[in-house]
Amino acid sequence: MGKIFILYGPSASGKTEIQQQLTSPLFPRIITATTRPPRHGEEDGIHYRFLSTEEFQHKMEQNELVEWTLYNSHYYGTLRSSVEEVLAGKMDANSIMDLPGVLALKKQYGPYIRAIYIGADLASLRKRLLERGSDPAEAAARVAKAQGEELSDAYMAHADIAIWNNDSTDFAQTLQQVRDYIAANGSQK
Ligand SMILES: Nc1ncnc2c1ncn2[C@@H]1O[C@H](COP(=O)(O)OP(=O)(O)OP(=O)(O)O)[C@@H](O)[C@H]1O
Ligand SMILES: Nc1nc2c(ncn2[C@@H]2O[C@H](COP(=O)(O)O)[C@@H](O)[C@H]2O)c(=O)[nH]1
């Protein structure tokens, strides 16, 4: 059975950047679904499955989602079929979720789930969110969520490993730490 390595942590901590470097045909990414509008350059079926609220709610009602969450007023969720495909196969996979998603998957598939917390200090998060050019109110909401919740010990306590990706640290080193953890804990080791 494949394992799923979930990257979680505050918005703009670098999860997507790390995921892009890790993902390969032998270590695929689980594409999750959301009702938030695509950002510039994001494509349906590549970055997310972008769904309308009605489409998302229909999947919830049909029990097609193994977990779902509301994050800054938008739905995000993981298709049951995408998780079961990994668990039934031989290859490990990666995904990005918030803590409720991590907890839901650990509860249902505990031995096959590993949670990697990716953190960054508030100054790095603020700078990156502003540079991303998000709506200022949304960027402020994300910073507040990081400050109030996602940088807390309680939030990161559910991680199997916590790795820091501050602006002052070398990204290559951060990435290597993630790679080393996956190499030591993957099902192919
Ligand atoms: N070590 C780093 N130093 C400087 N910039 C970085 C570093 N790591 C990531 N970034 C930049 O920070 C921005 C946010 O990164 P990324 O999109 O990977 O965050 P995220 O955790 O996936 O955010 P979200 O949860 O909101 O999707 C990107 O522009 C990325 O290039
Ligand atoms: N529980 C889940 N959380 C998810 C899923 N996909 C993404 N996420 C989380 O949402 C935030 C915000 O994402 P963004 O793309 O709008 O910046 C992200 O940091 C993840 O933590 C999911 O399927 N389930």
Side-chain angles (χ1 to χ4, degrees), residues 1-20 22-118 129 132-146 148-150 155 158-159 187:
M1 273 171 105
K3 280 188 185 164
I4 300 175
F5 291 85
I6 306 175
L7 304 172
Y8 83 106
S11 184
S13 67
K15 302 180 294 295
T16 307
E17 194 76 25
I18 291 168
Q19 183 182 52
Q20 278 170 4
L22 294 177
T23 299
S24 74
L26 293 176
F27 188 48
R29 179 167 70 96
I30 293 178
I31 298 168
T32 61
T34 184
T35 59
R36 90 151 158 74
R39 291 187 193 120
H40 181 72
E42 284 185 333
E43 285 180 51
D44 184 42
I46 294 180
H47 298 92
Y48 277 108
R49 289 189 61 182
F50 291 102
L51 304 178
S52 66
T53 303
E54 292 70 32
E55 287 170 326
F56 195 99
Q57 284 172 339
H58 182 71
K59 290 195 184 301
M60 282 159 72
E61 285 158 16
Q62 297 299 308
N63 202 24
E64 286 180 42
L65 300 174
V66 73
E67 63 81 32
W68 61 270
T69 193
L70 256 180
Y71 188 100
N72 284 347
S73 312
H74 296 297
Y75 286 116
Y76 294 80
T78 310
L79 285 169
R80 188 177 300 282
S81 56
S82 64
V83 169
E84 289 180 351
E85 196 181 315
V86 175
L87 298 181
K90 287 190 178 143
M91 272 192 295
D92 296 339
N94 65 78
S95 190
I96 295 177
M97 286 174 206
D98 64 0
L99 179 59
V102 168
L103 295 178
L105 285 196
K106 281 202 166 205
K107 189 170 174 193
Q108 294 173 74
Y109 307 107
Y112 305 102
I113 307 297
R114 293 289 179 276
I116 305 177
Y117 177 87
I118 304 295
L129 283 165
R132 187 152 81 183
S134 335
D135 164 48
E138 195 194 316
R142 286 175 184 246
V143 170
K145 194 171 168 65
E149 185 183 345
E150 294 163 336
Y155 200 88
H158 299 277
S187 52

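These figures come from a predicted structure and were not determined experimentally.
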Subject >> Aromatic contact, Tyr8 with Tyr155 (centres under 6.0 Å) >> reply: yes
Original post:
Between Gly9 and Lys15, which heavy-atom pair has the shortest distance, and what is it?
Top reply: O-NZ, 3.0 Å
Original post:
Got more than 12 heavy atoms from elsewhere within 6.0 Å of NE2, His58?
Top reply: no
Original post:
Say you draw a straight line from CG of Leu105 to CD1 of Ile113; how long is it, rounded to the nearest 0.5 Å?
Top reply: 5.0 Å
Original post:
Nearest 0.5 Å, what's the CZ-OH distance between Arg36 and Tyr48?
Top reply: 5.0 Å
Original post:
For the residue pair His47 and Gly41, what are the closest heavy atoms and their distance?
Top reply: CE1-O, 3.5 Å
Original post:
Does Glu85 CD have over 12 foreign heavy atoms under 6.0 Å away?
Top reply: no
Original post:
Taking the side chain as C-beta and beyond, is there a heavy-atom pair between Leu51 and Thr34 under 4.5 Å?
Top reply: no
Subject >> Expected output: side-chain Thr23 to main-chain Gln20 donor-acceptor under 3.5 Å >> reply: no
Original post:
Heavy atoms, side chains only, cut-off 4.5 Å: are Ile31 and Arg49 in contact?
Top reply: yes
Original post:
Is there a side-chain contact between Trp68 and Met60, using heavy atoms and a 4.5 Å cut-off?
Top reply: yes
Original post:
Is the backbone N or O of Pro28 less than 3.5 Å from a side-chain atom of Asn94, with the two atoms forming a donor-acceptor pair by type?
Top reply: yes
Original post:
Atom CD1 in Ile30, atom OG1 in Thr78: separation rounded to 0.5 Å?
Top reply: 7.0 Å
**OP:** Measure the shortest side-chain to side-chain distance between Thr32 and Ser95 over non-hydrogen atoms and say whether it is less than 4.5 angstrom.
**Re:** yes
**OP:** Determine whether Phe5 and Ile116 make a side-chain contact, defined as any pair of heavy atoms from C-beta on separated by less than 4.5 Å.
**Re:** yes
Original post:
Is any side-chain heavy atom of Ile118 less than 4.5 Å from a side-chain heavy atom of Ile18?
Top reply: yes
**OP:** May I ask you to test the Leu65-Arg80 pair for a side-chain heavy-atom distance under 4.5 Å?
**Re:** no
Original post:
How far apart are the closest heavy atoms of Pro10 and Ala146, and which atoms are they?
Top reply: CB-CB, 3.8 Å
Subject >> Within-4.5 Å side-chain heavy-atom neighbours: Tyr75 and Thr69 >> reply: no
Original post:
Charged N to carboxylate O under 4.0 angstrom, Arg142 versus Glu150?
Top reply: no
**OP:** Looking only at non-hydrogen atoms, find the nearest pair between Asp92 and Lys3 and report the distance.
**Re:** OD1-N, 2.7 Å
**OP:** Can you measure from OH (Tyr109) to CE (Met1) and round to the nearest 0.5 angstrom?
**Re:** 9.0 Å
**OP:** To the nearest 0.5 Å, tell me how far Leu103 CG sits from Gln108 CD.
**Re:** 11.5 Å
Original post:
How far apart are the closest heavy atoms of Ala33 and Phe56, and which atoms are they?
Top reply: O-CE1, 3.9 Å
Original post:
Does atom CZ of Phe27 have more than 12 heavy-atom neighbours from other groups under 6.0 Å away?
Top reply: yes
Subject >> Nearest heavy atoms of Met97 and Val102, plus distance in Å >> reply: SD-N, 4.2 Å
**OP:** Mark yes or no: Lys145 above the aromatic ring of Tyr71, with NZ or CZ under 6.0 Å from the six-membered ring centre and no more than 45 degrees from the axis.
**Re:** yes
Original post:
How long is the gap from OG on Ser11 to CZ on Arg132, to the nearest 0.5 Å?
Top reply: 4.5 Å
